[in-house]
Amino acid sequence: MMPLTHMPTNASQTSDRPLVEIRDLNTHFFTDDGVVKAVNGVDLDVHPNRTLCILGESGCGKSIMARSILRIVDAPGRIVEGSITYNAEDGRSIDLATARTNSPALRSIRGQDIAMIFQEPMSSLGPITKIGKQITETLLLHRKITKAQAREIAIEMLAKVGIPKPAERFEAYPFELSGGMRQRAMIAMALCCEPRLLIADEPTTALDVTTQAQILDLIAELKDELNMGVMLITHDLGVVAEVAEDVAVMYMGQVVETGTVHDIFERPQHPYTRALLESVPRLGAERRRRLPAIRGMVPHPLARPSGCTFRTRCDHFMAGTCDKLEPVLTGQGAAKVACHLPQNTEVSHG
Ligand code: SF4
């Protein structure tokens with residue numbers, strides 16, 4: 001493994017830089033049956049005080065892409081190519097893709113600068129340690145404060161994430177809390193060090209709609225308060241519409257379309273994005289209309305189609321082009337699409 005690379009930069013250039021710049025990221029899994037290209041050439045930027053939603057069906061590589069940022073991809077997966085540049089507050093740029101997984105610099109970025117929350121809170125909460133102790137340990141690891149100060153901050157944070165009687169809950173074990181409360185406790189732990197970037201992997205999928213809305217509101221509030229960048233991974237278009245400023249649509253390990261939330265909902269260009277949008281019910285739509293499903297199935301990861309990976313399900317497939325040439329992400333401004341159809345072509349699905 002290569003050491004962390006520090007590239008000093010002019011501080012004046014840092015103000016409008018993205019927090020994280022991902023370039024040509026490839027994370028592959030080396031199995032007995034072959035190589036699974038879970039993330040295959042992803043380019044993405046995450047900006048301060050903006051929420052980037054990563055949208056895609058299960059298995060499209062969105063979680064592996066997010067875990068690659070923190071270098072917590074389980075074996076037999078590993079990053080084989082590309083860079084993940086983290087632009088630190090002091091002006092340094094650090095390539096997380098080549099950092100040693102247990103180096104002090106990467107350990108200090110994890111939790112301190114970049115925090116992650118998961119669908120299942122027990123992925124980050126230890127089952128046999130009290131909630132308060134888990135939060136104070138994180139604080140004491142990253143900040144030069146006393147135990148008493150850590151306790152005070154932890155209780156304040158539990159209150160901030162909407163946990164009633166926070167001083168009492170500080171002494172509770174995770175199993176003594178409901179699912180929604182555990183989720184809030186995990187968010188409190190993730191945010192206690194005021195990270196610059198929060199990666200949230202389907203953080204509300206397992207929750208009822210009321211708790212889901214409260215947690216999404218809470219993340220949005222804290223994003224504004226802390227000027228935090230948020231990368232939110234979801235398969236739920238309703239969540240995207242509610243919280244996203246920027247959107248990246250993934251299919252078979254690749255980003256097939258990016259843009260602002262307005263671009264994606266008002267002017268979707270990729271046939272896959274359009275199919276996703278057409279497959280959800282809309283208020284005011286004709287009653288009893290059958291919702292079109294995306295035809296076919298996602299191909300087996302060990303049998304990636306040549307050319308465009310979506311071609312086996314696309315109604316606009318062009319023989320000789322879509323099966324021969326891999327489309328690359330192109331476009332102007334934030335709106336980019338990886339498709340051989342000329343831009344602005346009327347696309348329908350189903
Ligand atoms: Fe469909 Fe071809 Fe565009 Fe792929 S490149 S989405 S197959 S039109």
Side-chain angles (χ1 to χ4, degrees), residues 22-28 34-45 52-65 81-82 233-237 240-241 244 246-280 282 290-350:
I22 300 174
R23 295 293 175 269
D24 192 27
L25 181 66
N26 286 267
T27 305
H28 297 174
V35 178
V36 174
K37 296 179 177 176
V39 179
N40 194 31
V42 162
D43 289 349
L44 278 178
D45 288 346
L52 166 68
C53 278
I54 311 290
L55 177 68
E57 295 166 283
S58 299
C60 70
K62 51 195 193 306
S63 293
I64 300 297
M65 187 273 297
E81 212 178 329
I233 292 151
T234 183
H235 62 270
D236 186 336
L237 276 159
V240 177
D246 305 308
V247 183
V249 182
M250 283 188 73
Y251 187 78
M252 289 204 80
Q254 292 168 316
V255 173
V256 294
E257 183 160 7
T258 60
T260 62
V261 68
H262 185 263
D263 294 329
I264 298 295
F265 279 84
E266 299 300 321
R267 290 186 299 273
Q269 298 183 67
H270 197 283
Y272 178 58
T273 312
R274 295 196 181 210
L276 283 177
L277 288 167
E278 283 169 21
S279 64
V280 291
R282 284 176 201 210
R290 205 184 162 90
L291 288 169
I294 305 177
R295 75 172 164 81
M297 307 245 299
V298 178
H300 191 280
L302 288 171
R304 295 176 73 84
S306 59
C308 171
T309 50
F310 188 60
R311 72 176 166 83
T312 53
R313 308 173 76 188
C314 182
D315 293 336
H316 304 272
F317 168 72
M318 296 171 283
T321 303
C322 301
D323 50 346
K324 298 271 185 279
L325 303 170
E326 200 174 306
V328 291
L329 208 55
T330 45
Q332 293 186 335
K336 294 188 171 62
V337 63
C339 174
H340 293 305
L341 283 176
Q343 284 186 24
N344 303 320
T345 303
E346 255 327 292
V347 176
S348 62
H349 190 89

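Whatever order the structure lists them in is the order used to number ligands and atoms, beginning at 1.
Of all atoms in ligand 1, numbered sequentially from 1 with element shown, those under 4.0 Å from a heavy atom of Leu341 are 8 (S). Near Arg311, with a cut-off below 4.0 Å to any heavy atom, the atoms of ligand 1 are 7 (S). Residue-ligand proximity, His270 to ligand 1, at heavy-atom distances under 4.0 Å covers atoms 6 (S). Of all the atoms in ligand 1, the ones that sit under 4.0 Å from a non-hydrogen atom of His316 are 8 (S). Each of the following atoms of ligand 1 lies closer than 4.0 Å to a heavy atom of Pro271: 6 (S).
Between Met252 and Pro299 the shortest side-chain heavy-atom distance falls below 4.5 Å. In this structure, the side chains of Val249 and Thr258 stay at 4.5 Å or more apart for every pair of heavy atoms.
The protein heavy-atom contact nearest to atom 2 (Fe) of ligand 1 is Cys322 SG, 2.3 Å. Among protein heavy atoms, atom 1 (Fe) of ligand 1 sits closest to Cys314 SG, 2.4 Å. Scanning all protein heavy atoms for the shortest distance to atom 5 (S) of ligand 1 gives His340 N, 3.3 Å.
Between Arg313 and Glu57, at least one side-chain nitrogen of the basic residue sits less than 4.0 Å from a carboxylate oxygen of the acidic one, meeting the salt-bridge criterion. The pair Asp45-Arg23 meets the salt-bridge criterion, since a charged nitrogen lies less than 4.0 angstrom from a carboxylate oxygen.
Using a cut-off of 2.8 Å, one finds that Cys308 contributes no N/O/S atom close to atom 3 (Fe) of ligand 1.
Just one of Ile264, Ile54, Leu52, Val261 meets the side-chain contact (heavy atoms from CB on, under 4.5 Å) condition when paired with Asp246; it is Leu52.
Shown here for Ala335 and Asp263, the closest heavy-atom pair between the two residues is CB-OD2, 3.7 Å. Nearest approach of Arg267 to His262, heavy atoms of both residues: NH1-CE1, 3.7 Å.
The parts of Cys339 lying near ligand 1 are both backbone and side chain, judged by heavy-atom distances below 4.0 Å.
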